[in-house]
Each structure stands twice: as structure tokens, then as C-alpha cells.
Amino acid sequence: ARLDALNRITIGPDSAGANPGPASYDLGGERPTITDADIVLGRIDPARFAGGKLTLSPEKGAAAIAKDIGEPLGLDTPMAAYGVTEMVDETMANAARVHAVEQGRIASQHTIIAFGGAAPLHAARLAEKLGIDTIIVPNNAGVGSAVGFLAAPVAYEVVRSRNMRLNGFDADTANALFDEMRQEALAVVRAGAPDADIAEHRSAYMRYVGQGHEILVPVPLHPMTAADAVTLGEAYDREYAALFQRTIPNADIEILTWGLTIATVDRPPARLPEAPAAETPPPAGSRRLYDVAQERETEVPLYWRPDLAPGMQLAGPALIAEDETSTFLSAQFNVSIAANRDLILKRTPEPAE
């Protein structure tokens with residue numbers, strides 16, 4: 001789980017994708033997997049897995065979960081499978097909490113972007129644990145990393161270690177270091193994007209002398225002078241105060257590492273218009289999902305994502321399947337189809353007492 005400054009939490013990684021021809025894939029082996037657990041809970045439709053190009057053996061996964069988890073703990077197979085998914089979801093939620101705290105942020109104020117083969121299956125439960133109200137499942141979520149790689153700007157980052165205290169700041173050394181790093185980064189970026197507009201970012205990893213952890217501080221792009229020792233010190237104090245709500249007056253500050261990134265300019269996409277309301281098609285089928293609250297299976301509708309057009313809305317619980325992944329819509333969430341066909345999951349308001 002990764003939380004960044006763009007107010008989103010991203011969970012991955014991607015699934016490997018489907019093979020081009022028929023194949024047999026036995027999920028049940030000597031050790032049960034999280035995919036086995038999702039199948040036992042009904043969240044994956046074996047008939048539609050990888051567009052139907054892979055044949056699953058759900059009975060083997062169920063047997064592995066029963067043998068390795070259910071029997072030793074005295075649990076039936078569905079409850080054992082739920083325990084597997086709950087441990088995975090709590091591990092991801094805890095990682096997001098820790099990272100949010102480290103960045104001085106509040107996880108519940110962010111939005112989850114779920115991509116990868118398994119992420120859309122677990123995003124709703126992760127959001128419940130973190131108190132997050134909105135989830136976005138983009139198009140081609142199951143191969144999101146590949147899509148992102150193709151769409152991402154060409155970029156190269158260079159990092160050099162060179163210790164320097166601000167009370168002995170050497171502008172000439174800093175400028176020479178940045179010139180060397182810029183030449184290296186520019187050569188790589190121009191090889192991939194010869195004519196594109198580029199942007200340059202400089203940074204320094206700084207700390208109070210004696211501390212064991214550095215924080216990232218932006219560095220001005222102009223040629224540095226002795227006066228930039230004050231500029232960098234003020235920038236460090238701002239970043240430090242943003243994280244810890246205070247600074248340490250009169251403490252010496254040092255730079256341990258310098259960084260420079262050159263990237264092609266990434267143009268932000270146009271704002272999506274509101275999609276007019278559209279009538280939702282009937283379900284493509286149904287799935288029996290294990291309801292842990294009732295400790296029994298319940299039948300929920302199954303929708304085929306390509307059938308869903310902008311403006312349509314669905315209420316949970318439901319399952320939305322596509323070739324590369326499936327999105328589990330828990331009872332706490334509704335989903336609307338955005339103008340670009342992304343799935344926008346919103347937590348339903350708590351009933352008034």
C-alpha cells in the first residue's frame with residue numbers, strides 16, 4: 001500500500017495477466033493462497049477468470065485451506081478463508097496507517113485507487129478499515145502497472161551522497177554536483193524523448209546533525225550562492241515543522257544526499273464531465289458470497305464490467321467481473337460509472353439515529 005501527496009492510496013501489485021491460449025491453473029497446492037481464499041468466499045467467478053482462458057480448480061484451493069488452516073483452528077472452510085483475507089486486508093491497512101503517520105497525513109482523508117489483479121477484490125474492506133469513503137477502480141485495473149508504464153513520462157533520477165553542513169555551505173561544490181547529475185539524467189531522458197518538453201526537480205535529504213533520519217527538501221533550480229544556506233535552512237524548517245509541528249532552534253543542519261530528476265512534462269488530464277444517468281442492465285448472473293456476519297452464503301448479483309456504461313449506478317453487495325480482475329462491492333458501498341468508465345465506489349451514509 002502506498003500513500004502519496006496526491007491524496008490517494010494505491011495498492012498493488014498487478015496480476016500477471018492471462019495466457020493467450022487455454023491453460024490449466026491449479027491454485028490449490030501444498031499451501032493455500034489469497035486467491036484460493038477469494039475463490040472459496042465466492043469473490044472470483046472461475047468461469048470468467050482471465051476471460052475464461054484459465055481453468056481453475058477451486059476444490060483444491062478449498063481443500064488446502066481446510067487442511068492447513070480450518071482443521072488446526074477448528075474453523076469451517078469459509079471462515080478459515082475469511083480469516084486469510086482479513087489478515088491480508090489488515091496488513092495492508094496497517095501499512096497505510098504507518099505510512100500516513102510517517103508523512104504527517106490522515107489516511108481517512110484520502111481516496112483509494114485500486115489496481116492489479118487482486119486489489120479491487122480487497123479495496124472495499126481496506127477502505128472500511130481506514131475509514132475511507134471513496135475508491136476508484138480505473139479501466140484496465142488488472143494490468144494497471146503495464147498501462148501506467150506506457151503512459152508515464154520518461155524520467156530519470158540521479159542521487160549523489162555528499163555530506164555538507166549549512167554552516168559550512170559550499171555553493172561551488174553543490175553547483176558542480178548538480179551539473180554532473182543533470183548531464184547524466186538529461187542524456188537518458190533525451191534518448192527516450194528527444195523533442196519533448198522537460199521539467200527538472202532538485203532536492204536534498206537533510207537532517208539536524210545527530211539525527212538518524214533525513215527528510216526530503218526541495219532545492220532551488222538557480223545556480224547556488226552562499227546565501228542559499230539560509231534558503232535551504234528555512235526550507236528544511238518548513239518541511240520539518242509540517243511533519244512534527246515544531247523545529248529545533250539553533251540546531252546545526254546537514255545535507256547527506258543530493259537528488260536531481262529530469263522528466264518529460266506530464267500534462268494533467270481534462271476534468272471529466274458528469275455522466276448523465278443511465279439505466280443499469282440486469283445482472284449477467286449471480287454469485288454465492290460468504291457473509292461473515294451471518295456465517296452463511298448469500299446470493300449477490302454479478303455484473304460484467306464491459307456491460308456497464310457511464311451514468312449507471314449499482315448498490316452493494318455485488319461483484320463486477322472483467323477479464324483481468326473482479327471488483328467486490330461490499331454492502332457499505334455503492335458504485336457509479338464515470339464518464340471514462342472508471343468505477344467510483346462511494347461509502348453509503350450511516351443511517352441517522
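Computed over heavy atoms, backbone and side chain alike; hydrogens, waters and symmetry mates excluded.
- Note: S203 OG to E157 CD = 6.5 Å, rounded to the nearest 0.5 Å.
- A heavy-atom distance below 4.5 Å is found between the side chains of R267 and D197.
- Without hydrogens or angle criteria, R31 side chain to D68 main chain gives no donor-acceptor distance under 3.5 Å.
- Taking each heavy atom of A338 and P310 in turn, the nearest pair found is O-CB, 3.4 Å.
- Put simply, V143 and W304 are part of two different groups of oily side chains (I, L, V, M, F, W, Y) that touch within less than 4.5 Å, one to the next.
- Looking at D291, its side chain never comes within 3.5 Å of a backbone N or O of E297 through a donor-acceptor pair.
- A chain of hydrophobic side-chain contacts below 4.5 Å, direct or via other Ile, Leu, Val, Met, Phe, Trp or Tyr residues, connects I262 to V188.
- In the model, T35 has no side-chain atom that pairs as donor or acceptor with a side-chain atom of D38 under 3.5 Å.
- R287 places a side-chain N or O within donor-acceptor distance of the main-chain N or O of G42, the cut-off being under 3.5 Å.
- Side chain to side chain, T257 and E214 fail the donor-acceptor criterion of an N or O pair below 3.5 Å.
- Note that CE of M164 and CE of M206 are 11.0 Å apart. Values are rounded to the nearest 0.5 Å.
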Carefully, step by step, assess E86 and V292 under the rule side chain to side chain contact (heavy atoms under 4.5 Å, CB included). CA-CA 11 Å; E86 188 70 1; V292 67; over 6 Å; no
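- Residues Q313 and N334 bring no donor and acceptor atom of their side chains to less than 3.5 Å of each other.
- Taking 4.5 Å as the limit, some side-chain heavy atom of Y303 sits within range of a side-chain heavy atom of T280.
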Could you walk me through whether L329 and L319 pass the side chain to side chain contact (heavy atoms under 4.5 Å, CB included) check? CA-CA 6 Å; L329 187 66; L319 199 64; over 6 Å; no
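- Taking CG of L232 as the reference point, atom CG of L166 lies at 6.0 Å (rounded to 0.5 Å).
- More than 12 heavy atoms of other shown residues, nucleotides or ligands fall within 6.0 angstrom of atom NZ in K129.
- Between V209 and R165 there is a side-chain heavy-atom pair separated by less than 4.5 Å.
- Taking every heavy atom of both residues into account, A141 and P120 meet most closely at CB-CG, 4.3 Å.
- Remark: side-chain polar atoms of Y208 are paired, donor with acceptor, to backbone N or O of I248 under 3.5 angstrom.
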From CA spacing to verdict: side chain to side chain contact (heavy atoms under 4.5 Å, CB included), L308, R341: CA-CA 8 Å; L308 302 179; R341 293 183 177 266; 5.6 Å; no
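- One hydrophobic cluster, built from ILVMFWY side chains closer than 4.5 Å, cannot hold both L216 and V158; they sit in different ones.
- In terms of heavy atoms, E322 sits closest to N140 at OE1-N, 4.4 Å.
- For the pair F328 and L41, the minimum side-chain heavy-atom distance is 4.5 Å or more.
- Within 6.0 Å of the NE2 atom in H213, the count of heavy atoms belonging to other residues, nucleotides or ligands does not exceed 12.
- In this structure, the side chain of T264 engages the main chain of V154 through a donor-acceptor pair within 3.5 Å.
- Taking CD1 from I215 and CG from L243, the interatomic distance works out to 5.5 Å, rounded to the nearest 0.5 Å.
- Taking CG of L343 as the reference point, atom CZ of F333 lies at 13.0 Å (rounded to 0.5 Å).
- Formation of a donor-acceptor pair under 3.5 Å by the D36 side chain with backbone atoms of T33 is found in this model.
- Y236 has its side chain out of reach of E239: every pair of non-hydrogen atoms, C-beta onward, lies at least 4.5 Å apart.
- Smallest separation of non-hydrogen atoms from L130 and A107: CD2-CB, 4.4 Å.
- The two residues P78 and V40 come nearest to each other via the heavy atoms CA-CG1, 4.1 Å.
- Counting only distance, with no hydrogens or angles, the side chain of N139 and the backbone of N340 share a donor-acceptor pair below 3.5 Å.
- Taken together through direct or relayed side-chain contacts under 4.5 Å among Ile, Leu, Val, Met, Phe, Trp and Tyr, V88 and I69 form part of one hydrophobic cluster.
- Between D89 and L126 there is no side-chain heavy-atom pair separated by less than 4.5 Å.
- Inter-residue side-chain proximity for D45 and S326 is flagged as unmet; no heavy-atom pair is nearer than 4.5 Å.
- Taken to the nearest 0.5 Å, the CZ atom of R43 stands 14.5 Å off from the CG atom of L302.
- L150 and I113 fall into different hydrophobic clusters, where Ile, Leu, Val, Met, Phe, Trp and Tyr residues are linked whenever their side-chain heavy atoms come under 4.5 Å apart, directly or through other members.
- Between R347 and E128 no salt bridge is recorded (no basic side-chain N to carboxylate O distance below 4.0 Å).
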Verdict with supporting geometry, T327 and L121, side chain to side chain contact (heavy atoms under 4.5 Å, CB included): CA-CA 5 Å; T327 299; L121 285 166; over 6 Å; no
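- When atom types are taken as modelled, the side chain of R190 and the backbone of A193 share a donor-acceptor pair closer than 3.5 angstrom.
- For I135 against A123, the heavy-atom pair with the smallest separation is CD1-O, 3.6 Å.
- Ring geometry for W258 versus F169: interplanar angle of 30 to 60°, hence tilted.
- With hydrogens and angles disregarded, a donor-acceptor distance shorter than 3.5 Å links the side chain of D76 to the backbone of M79.
- Contact of the E180 side chain with the R160 side chain is registered, since non-hydrogen atoms from C-beta on lie closer than 4.5 Å.
- When atom types are taken as modelled, the side chain of N94 and the backbone of T91 share no donor-acceptor pair closer than 3.5 angstrom.
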